[in-house]
Amino acid sequence: MKIAVFSSKAYDQQYFGNDCDSGFTMTFFETRLNAHTAVTAQGFEVVCCFVNDDLSEATIKVLKEVGVKLIALRCAGFNNLDLQAAQQAGITVCRVPAYSPHSVAEHALALLLSLNRNIHRAFNRVRENDYSLNGLLGFDLYKKKVAVIGTGKIGSTFARIMTGLGCEVIACDPVQDSELIKLGVSYVTLEHLWHQADIISLHCPLQQDTFHLVNEQAISQMKPGVALINTGRGALIDTKAVISGLKSGHIGYLGLDVYEEEADLFFEDKSNTLLQDDVFARLLTFPNVLITGHQGFFTKEALTAIAQTTMANIRAFAAGDFAAMQLVGK
Ligand code: NAI
């Protein structure tokens, strides 16, 4: 079975290289999959895709024409996929629903701990032989009220970590986790959460009802000085509204691993080009904003699990064992 891996990097090759058994051949393309590049999949039964590959109806139409039978997502989120179009085209879609929730939850914590103690600024100062502390005043996380939106695999892991730090954790999710409740986490309405939280971390999927969940109205209800962390998906946040919140000082700290227009930026070395995205450029000017380029998943443990689950999905598909697959939409 021939597998075309799109948006691939050297590390994908390294981790999948360990897992691709005989009977399967993997061809690695650096190209992002979209309606224009989908023709590259001619002759491949499987396309293996990542978060910023464009799996819209137009792309799926081409994939069907060139004979693709399986879209194997090597990620958890599938907001970049038109599932209905895939189902109509008769293309099976699988994903990696859980690889290492700790990788993303710990990254959210890393963003928060860097911001609240100004580690990103201190790092630069010390390298400049500047050991002054002005402007680096932090705050204790202990006893702060931390809000987790979405207590699935990643959000519940983050919630546990924060209870371990002595924080009071409140959460919002249509599905409540009884284990978290036993740990003292209380589920509240979104409105209550906006009003009460000192720190808000987003861990829900991007879907119609969560698009721009953090908008002007939500921000106006938040505590002044709130810390906002987003390792979910960029479009959970209305970036322009957040910039207004930062300018007024209402948002005290912003940690992002995702950005709504990240597809044209992240995962590439753009250091020799001019930044064209003015909204992103504005974000970079704030000392209390810390951005990483979608690296929450990027740990050895997570990459190993991603490669193993993706290959297990593809093997099960080849064997016609759909029950053993992590299917999207079933
Ligand atoms: P999950 O499916 O285990 O949990 C998502 C939770 O969100 C569920 O409990 C669900 O009930 C809840 N939810 C759904 N709609 C909601 C709403 N309107 N309000 C509040 N909660 C809602 O997913 P998992 O594995 O925890 O991943 C969460 C998200 O993290 C993914 O959808 C993905 O977008 C993002 N992610 C980011 C990564 C990164 O590298 N930065 C890597 C992996 C995932």
Side-chain angles (χ1 to χ4, degrees), residues 7 9 11-12 49-53 55 73-81 83 95-112 147-162 169-181 185-194 197 200-215 218 228-237 255-260 262-263 265-267 290-306 309-310 326-330:
S7 298
K9 303 285 177 207
Y11 45 82
D12 294 310
C49 306
F50 199 47
V51 289
N52 289 327
D53 285 313
L55 290 157
L73 296 172
R74 56 180 191 281
C75 53
F78 51 91
N79 51 285
N80 53 336
L81 164 80
L83 180 59
R95 66 180 179 128
V96 185
Y99 36 92
S100 169
H102 301 279
S103 64
V104 186
E106 288 174 15
H107 192 73
L109 176 68
L111 288 173
L112 177 59
V148 181
I149 302 185
T151 53
K153 290 174 285 296
I154 297 169
S156 64
T157 306
F158 181 75
R160 279 192 184 83
I161 293 172
M162 299 318 290
V169 179
I170 56 174
C172 181
D173 192 314
V175 184
Q176 301 195 354
D177 180 330
S178 55
E179 293 302 313
L180 287 187
I181 294 172
V185 174
S186 43
Y187 281 88
V188 298
T189 62
L190 206 48
E191 198 183 14
H192 179 97
L193 183 150
W194 297 143
I200 300 172
S201 194
L202 306 179
H203 300 286
C204 57
L206 175 61
Q207 50 202 20
Q208 249 170 18
D209 67 325
T210 58
F211 177 79
H212 284 186
L213 186 76
V214 176
N215 52 27
L228 182 62
I229 307 291
N230 186 12
T231 57
R233 283 290 181 267
L236 295 174
I237 283 182
L256 299 180
D257 187 46
V258 285
Y259 168 58
E260 51 184 329
E262 70 175 52
L265 288 173
F266 288 3
F267 305 123
L290 180 56
I291 306 178
T292 52
H294 207 139
Q295 68 175 80
F297 74 99
F298 201 55
T299 65
K300 292 172 190 168
E301 293 78 2
L303 288 191
T304 303
I306 286 171
T309 306
T310 304
Q326 308 285 343
L327 294 170
V328 177
K330 287 276 152 67

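Whatever order the structure lists them in is the order used to number ligands and atoms, beginning at 1. Count residues from 1 along the sequence.
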How far is atom 36 (N) of ligand 1 from its nearest protein heavy atom, and which residue and atom is that?
R233 NH1, 3.6 Å
For atom 7 (O) of ligand 1, the protein heavy atom that lies nearest, with its residue and separation:
P205 CD, 3.3 Å
Sequence-distant partners of Q295, side-chain contact (heavy atoms from CB on, under 4.5 Å), two or more places apart:
H107, D257, T292, F298
among protein heavy atoms, the one nearest atom 20 (C) of ligand 1 is C172 O, 3.4 Å
Just to be sure I read this right, does ligand 1 sit under 4.0 Å from the backbone of D173, its side chain, both, or neither, counting only heavy atoms?
both
Need the ligand 1 atom indices (1-based, order shown) with element for anything under 4.0 Å from a heavy-atom of T210.
17 (C), 18 (N)
Distance-minimising heavy-atom pair for G155 and V148
O-CG1, 3.6 Å
Exercise: identify the closest heavy-atom pair between C204 and L236
O-CD1, 3.6 Å
Less than 4.0 Å is my threshold; does some heavy atom of F298 fall inside it relative to ligand 1?
no
Will you find, in the side chains of T151 and D177, an N or O donor that is under 3.5 Å from an N or O acceptor?
no
Side chains of H102 and E301: is there a donor and an acceptor less than 3.5 Å apart?
no
Applying a heavy-atom cut-off of 4.0 Å, say which part of F158 lies close to ligand 1: side chain, backbone, both or neither.
neither
Minimum heavy-atom distance between S7 and D12, given as atom pair plus value:
O-OD2, 3.8 Å
Who's closest to atom 35 (C) of ligand 1 heavy-atom-wise, of C75, A302, G234, G232?
G232
Identify the protein heavy atom lying closest to atom 29 (C) of ligand 1, giving its residue, its atom name and the separation to 0.1 Å.
H203 O, 4.0 Å
Note the single closest protein heavy atom to atom 40 (O) of ligand 1, along with its residue, its atom name and the distance in Å.
F297 N, 3.0 Å
If you measure from each heavy atom of P174 to ligand 1, is any distance below 4.0 Å?
yes
Can you check which of A108, G152, A76 brings a heavy atom nearest to atom 4 (O) of ligand 1?
G152
Which ligand 1 atoms, with their elements, are less than 4.0 angstrom from a heavy-atom of V104?
38 (C), 42 (C), 43 (C)
Measuring only between side-chain heavy atoms, which start at C-beta, is L202 closer than 4.5 Å to V258?
no
Could you tell me if the side chain of V328 sits less than 4.5 Å from the side chain of L83, heavy atoms only?
yes
Any protein heavy atom lying closer than 4.0 Å to atom 16 (C) of ligand 1?
yes
Does ligand 1 have any atom that is closer than 4.0 Å to a heavy atom of H107?
no
Part of K153 within contact of ligand 1 (heavy atoms, under 4.0 Å)
both
Would you mind telling me if ligand 1 is within reach of the side chain of D209, the backbone, both or neither, using heavy atoms under 4.0 Å?
side chain
Which bit of S103 gets closer than 4.0 Å to ligand 1, counting heavy atoms only: side chain, backbone, both or neither?
neither
Atoms in ligand 1 with a heavy atom of Y99 nearer than 4.0 Å:
42 (C), 43 (C)
Would a 4.5 Å heavy-atom cut-off, applied to side chains only, mark I237 and L228 as touching?
yes
Minimum heavy-atom distance between F297 and A302, given as atom pair plus value
O-CB, 3.0 Å
Could you see which bit of I154 sits under 4.0 Å from ligand 1, with heavy atoms only: side chain, backbone, both or neither?
both
Using a strict cut-off of 4.0 Å, indicate which atoms of ligand 1 neighbour a heavy atom of I149.
20 (C)
Could you list which atoms of ligand 1 come closer than 4.0 Å to a heavy atom of G296?
40 (O)
Could you tell me, atom by atom, which parts of ligand 1 come under 4.0 Å of a heavy atom of D257?
39 (C), 40 (O), 41 (N)
Side-chain donor/acceptor of T210 to backbone N/O of P205, under 3.5 Å
yes
Regarding ligand 1, does T231 bring an N or O atom to under 3.5 Å of one of the ligand's N or O atoms?
yes
Note: I161 and A105 closest approach over all heavy atoms is CD1-CB, 4.1 Å
Which atom of F267 lies closest to which atom of H294, heavy atoms considered:
CE2-O, 3.4 Å
If the contact criterion is a heavy-atom separation under 4.0 Å, does L206 count as touching ligand 1?
no
What do you reckon, does Q207 have a nitrogen or oxygen under 3.5 Å from a nitrogen or oxygen of ligand 1?
yes
